[in-house]
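A short write-up of the structure that comes next.
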Amino acid sequence: MQKPYVFITRALPEAVVGPYRKYLNIEMWPEEEEPVPREVLLEKSVQADGLLTMLTDSIDQELLEKTNTLDIVANLAVGYDNIDVTYAKEKKIAVTNTPDVLTDTTADLTFGLLMAAARRIVEASEFVKKGEWGPWSPLLLAGSDIHHKTIGIVGMGRIGEAVAKRAKGFDMNILYHNRSRNKETEEKLEASFTEFDELIEQSDFIVSMVPLTPETHHMFDQATFQRMNSDAIFINASRGAVVDEQSLYEALVNKEIAGAGLDVFEKEPIGSDHPLLQLNQVVCLPHIGSATRETRVNMMELCLDNLCRFFNGKNVLTPVK
């Protein structure tokens, strides 16, 4: 029996991919850091039975219309806003993602980003490296306490809950806003369900963990930042486009908020001339929420397991519904 042909849009370690070649006819784009060109992706999609894609690959209606062979798209991410899921369902193309395996890793990074922004860790490191460390002064690089402060988490999914768990260890008051209440989390972590406006106004740290949808696009806009406390710190480890970056920049420059920690941006990668990079009170990271060796390997294996299960007539482990 002929093995299903699967195209992987980025070079993954052969140590991970190799065992699956027994079940799948795998071809990989040979570059690890360079995205597959659009024309190559379109060409391979027409031939493929399955795709293993990155968040940077646009699996849109144009691509899905062109193929009559494609049966499944396994996305190496929790998010799947790069895929036209609605049209894929119309064409009876299965879509999977990689939840759960990266929950704790991303929560670690998110809380680390909060701590770095609050305690000015990156700024302090650069201060030492530049030889600027001189005589001691009482308020030298003084940041903000984290313990016993109020954290407002917007989006109480798996990762949001894991962030709340970490906040609990710092004796923080936990507020959250979500489309629906998570009463289990409320009881377990003493978190309080709060309306969005109230959360924005009461929180010392506002953490965005929402998916990107038409409703959440630019939900953090000028009016939202103006309602925050002047000493508030905004953290975004969800999707860049949930933030109006110009409004965030103006809020920081005008001291309407105290700082920000960002792992995601509306258009990635950003250049060194991005306005937010010019501000000392902002910590910027290159979208590394799930970037540990262990977690990335788990994500790869989950994608490949989903592909194998699908072609063996079994239920996939993590379908996008």
Side-chain angles (χ1 to χ4, degrees), residues 79 106-130 132-133 139-147 149-155 159-160 163 166-167 170 172 199-210 212 216-291:
T106 305
D108 285 348
L109 187 283
T110 302
F111 207 83
L113 189 54
L114 182 153
M115 295 180 69
R119 295 302 306 273
R120 301 172 67 178
I121 291 172
V122 175
E123 186 182 355
S125 176
E126 290 302 310
F127 183 81
V128 175
K129 289 179 179 179
K130 292 176 181 178
E132 297 175 354
W133 190 6
L139 293 177
L140 174 66
L141 290 163
S144 170
D145 277 338
I146 300 162
H147 62 86
K149 291 293 185 74
T150 297
I151 184 172
I153 301 171
V154 185
I159 301 173
V163 171
R166 284 149 180 78
F170 280 74
M172 299 184 82
L199 179 148
I200 292 300
E201 293 167 2
Q202 293 187 4
S203 299
D204 301 299
F205 299 92
I206 297 94
V207 181
S208 173
M209 299 308 309
V210 295
L212 178 60
T216 63
H217 182 265
H218 282 191
M219 70 181 298
F220 294 96
D221 56 12
Q222 182 181 46
T224 302
F225 290 119
Q226 287 177 343
R227 288 199 301 273
M228 294 181 186
N229 297 324
S230 59
D231 57 355
I233 293 175
F234 175 70
I235 305 296
N236 187 17
S238 54
R239 286 290 177 266
V242 304
V243 178
D244 179 342
E245 291 178 357
Q246 180 61 33
S247 294
L248 173 58
Y249 175 81
E250 291 172 2
L252 290 160
V253 169
N254 296 332
K255 300 187 185 307
E256 291 169 341
I257 65 172
L262 309 170
D263 186 43
V264 289
F265 298 86
E266 187 155 13
K267 295 181 180 178
E268 298 177 354
I270 61 172
S272 60
D273 59 346
H274 193 288
L276 288 165
L277 290 179
Q278 317 313 312
L279 305 178
N280 287 334
Q281 67 270 45
V282 182
V283 178
C284 296
L285 303 179
H287 202 151
I288 58 169
S290 62

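Position 1 is the first residue of the sequence; numbering continues from there.
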Straight-line distance of [X] [atom1] to [Y] [atom2], nearest 0.5 Å:
X: I153; Y: I235; atom1: CD1; atom2: CD1; value: 11.5 Å
X: I233; Y: R119; atom1: CD1; atom2: CZ; value: 10.5 Å
X: I200; Y: Q226; atom1: CD1; atom2: CD; value: 12.5 Å
X: I159; Y: L109; atom1: CD1; atom2: CG; value: 10.5 Å
X: L279; Y: E123; atom1: CG; atom2: CD; value: 11.0 Å
X: L141; Y: I121; atom1: CG; atom2: CD1; value: 11.5 Å

Should [X] and [Y] count as side-chain neighbours, where that means a heavy-atom distance under 4.5 Å?
X: S144; Y: K149; answer: yes
X: L277; Y: V282; answer: no
X: V154; Y: F220; answer: yes
X: I146; Y: M172; answer: yes

(message) Test side-chain contact (heavy atoms from CB on, under 4.5 Å) on R239 and H287; report intermediate values, then the result.
(response) CA-CA 9 Å; R239 286 290 177 266; H287 202 151; 4.0 Å; yes

(request) List the steps and the verdict of side-chain contact (heavy atoms from CB on, under 4.5 Å) for V163 and L114. (result) CA-CA 10 Å; V163 171; L114 182 153; 6.0 Å; no

Looking only at heavy atoms, which two atoms of [X] and [Y] are closest? And how far apart?
X: C284; Y: L276; value: SG-O, 4.4 Å
X: V242; Y: N236; value: CG2-ND2, 3.9 Å
X: H218; Y: D221; value: O-CB, 3.6 Å
X: A142; Y: R120; value: O-NH1, 3.0 Å
X: S203; Y: N229; value: O-ND2, 3.6 Å
X: I206; Y: M228; value: CD1-SD, 3.9 Å

(request) Assign the ring pair F234 / F225 to parallel, tilted or perpendicular, where the plane angle (0 to 90°) is split at 30° and 60°. (result) perpendicular

(message) Counting neighbours of CZ on R227 that are heavy atoms of other residues, nucleotides or ligands and sit closer than 6.0 Å, is the number greater than 12?
(response) yes

Mind listing the side-chain donor-acceptor pairs of residues 248-256 below 3.5 Å, one per line with the distance, residues two or more places apart or on another chain?
residue, atom, partner, partner atom, Å
E250, OE2, Q246, NE2, 2.9
N254, ND2, E250, O, 3.1

(request) Dump the intermediate steps for side-chain contact (heavy atoms from CB on, under 4.5 Å) on D108 and R166, then the final yes or no. (result) CA-CA 8 Å; D108 285 348; R166 284 149 180 78; 2.8 Å; yes

